[in-house]
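FYI, side chains are in, hydrogens and waters are out, and symmetry mates aren't considered; it's all heavy atoms of this structure.
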Number of protein chains: 2
Amino acid sequence: MVTTSEAEALEKHPELADLCPMPDIAKLIGGKWKLIILQILIFKGTKRFNELRRMIPGVTQTMLTNQLRALEADGLVTRKIYAEVPPKVEYTATQRALDLEEMFHAMHNWWMRADG
Amino acid sequence: MVTTSEAEALEKHPELADLCPMPDIAKLIGGKWKLIILQILIFKGTKRFNELRRMIPGVTQTMLTNQLRALEADGLVTRKIYAEVPPKVEYTATQRALDLEEMFHAMHNWWMRADG
DNA sequence: GCATATAGTATCAAAAAAGATACTGTAACC
DNA sequence: GGTTACAGTATCTTTTTTGATACTATATGC
């Protein structure tokens, strides 16, 4: 299959240079669960693991752990472990995640508009 | 696996009601290619099929067709066929897609910020 | 003494998404 | 008369993502 490389695309279409890289953004906030998790942590504040689990319909323990770990690795979420039994772990949106508020508002407006 | 249903989540956490449904939004603009396609059609205007193909690094003909068809079905893109040989087909962002501009700007700002 | 809640991990299986490949028809160009 | 460009379709395979299941440890309540 003949596909275009990044370099070719930019050479032939220099005007593409001012578009931001969607694949990179998708790596951070793409997938089935990340936007839901971020939305809750950003707008509803810090949550515990099982709290999130109960707030997100259909998410499994495995996926929630995976996604939270990925978000943590990308600096969008912090994880605070309390030395208690039974365990207590809190997840909080970082400033970088809070900066996504504008995007979430835009999405919300777009969804609510529902005219087009 | 015990997961929460939509109804349970809302009953236990009524404050979730004001969050917009990310899964529904993801159906429209999620996946590997849709955001790139929309970004180009919204900010760079109408494009022909092979033009898009050359502008999007790594996309295959198959995927580009699929995604454009899905976007068309969801009312985000219109398809105009010219009765010429060789074939000429133009893709244009609808108003509903143009309304996503705000979201793209927010993403762009977020990406450019790159501090947190 | 048994069940429950907590926050996980490890392993395996299924489903969804993406990709490769081969094919179509016709006009223009060399 | 062979090659290229155009905009696809059909089929199959691979890869990625997501999900299911069983398991861990320990304090508290009944």
Separation of atom [atom1] in [X] from atom [atom2] in [N], rounded to whole Å:
| X | N | atom1 | atom2 | value |
| --- | --- | --- | --- | --- |
| A:Lys47 | C:dT6 | NZ | P | 14 Å |
| A:Leu68 | C:dT9 | CG | C1' | 15 Å |
| A:Met1 | C:dT21 | CE | C1' | 8 Å |
| A:Glu51 | C:dG8 | CD | P | 13 Å |
| B:Glu72 | D:dG8 | CD | C1' | 13 Å |
| B:Gln67 | D:dG8 | CD | P | 14 Å |
| B:Leu52 | D:dG8 | CG | P | 10 Å |
| A:Lys27 | D:dT17 | NZ | P | 10 Å |

Q. Does any donor atom in the side chain of B:Asn66 or B:Arg69 lie under 3.5 Å from an acceptor atom in the other side chain?
A. no
Given [options], identify the nucleotide with an atom nearest to the side chain of [X].
| X | options | answer |
| --- | --- | --- |
| B:Gln61 | C:dA18, D:dG8, C:dT9 | D:dG8 |
| A:Phe49 | D:dG19, C:dA5, C:dA7 | C:dA7 |
| A:Met63 | D:dG8, C:dG25, D:dT18 | D:dT18 |
| B:Arg48 | C:dA18, D:dA7, D:dT18 | D:dA7 |
| B:Val89 | D:dC6, C:dG8, D:dG8 | D:dG8 |

Q. Is it true that atom CD of A:Glu11 has more than 12 heavy atoms of other residues, nucleotides or ligands lying nearer than 6.0 Å?
A. no
Taking OP1 and OP2 of [N], is either one under 4.0 Å from a side-chain nitrogen or oxygen of [X]?
| X | N | value |
| --- | --- | --- |
| B:Lys32 | C:dG19 | yes |
| B:Arg54 | D:dC6 | yes |
| B:Arg79 | D:dG8 | yes |
| A:Arg53 | C:dT6 | no |

Look at all strands and tell whether [X] reaches a base, only sugar-phosphate, or nothing, counting heavy atoms closer than 4.0 Å.
| X | answer |
| --- | --- |
| A:Thr62 | base |
| A:Val85 | base |
| A:Tyr91 | sugar-phosphate |
| A:Glu84 | nothing |

(Q) Contact between A:Trp110 and B:Glu102 at the side-chain level, heavy atoms closer than 4.5 Å - yes or no? (A) no
Q. Under a 4.5 Å cut-off applied to non-hydrogen side-chain atoms, are A:His105 and A:Phe43 in contact?
A. yes
Q) If you pin A:Ile81 and B:Asn66 to their nearest nucleotides in DNA chain C, which one's is more 5'? A) A:Ile81
Q | Working for side-chain contact (heavy atoms from CB on, under 4.5 Å), residues A:Trp33 and B:Met22 | A | CA-CA 9 Å; A:Trp33 304 110; B:Met22 287 303 149; over 6 Å; no
Q: Please round to the nearest 0.5 Å and tell me the distance separating atom CG of A:Leu10 and atom CE of B:Met55.
A: 10.0 Å
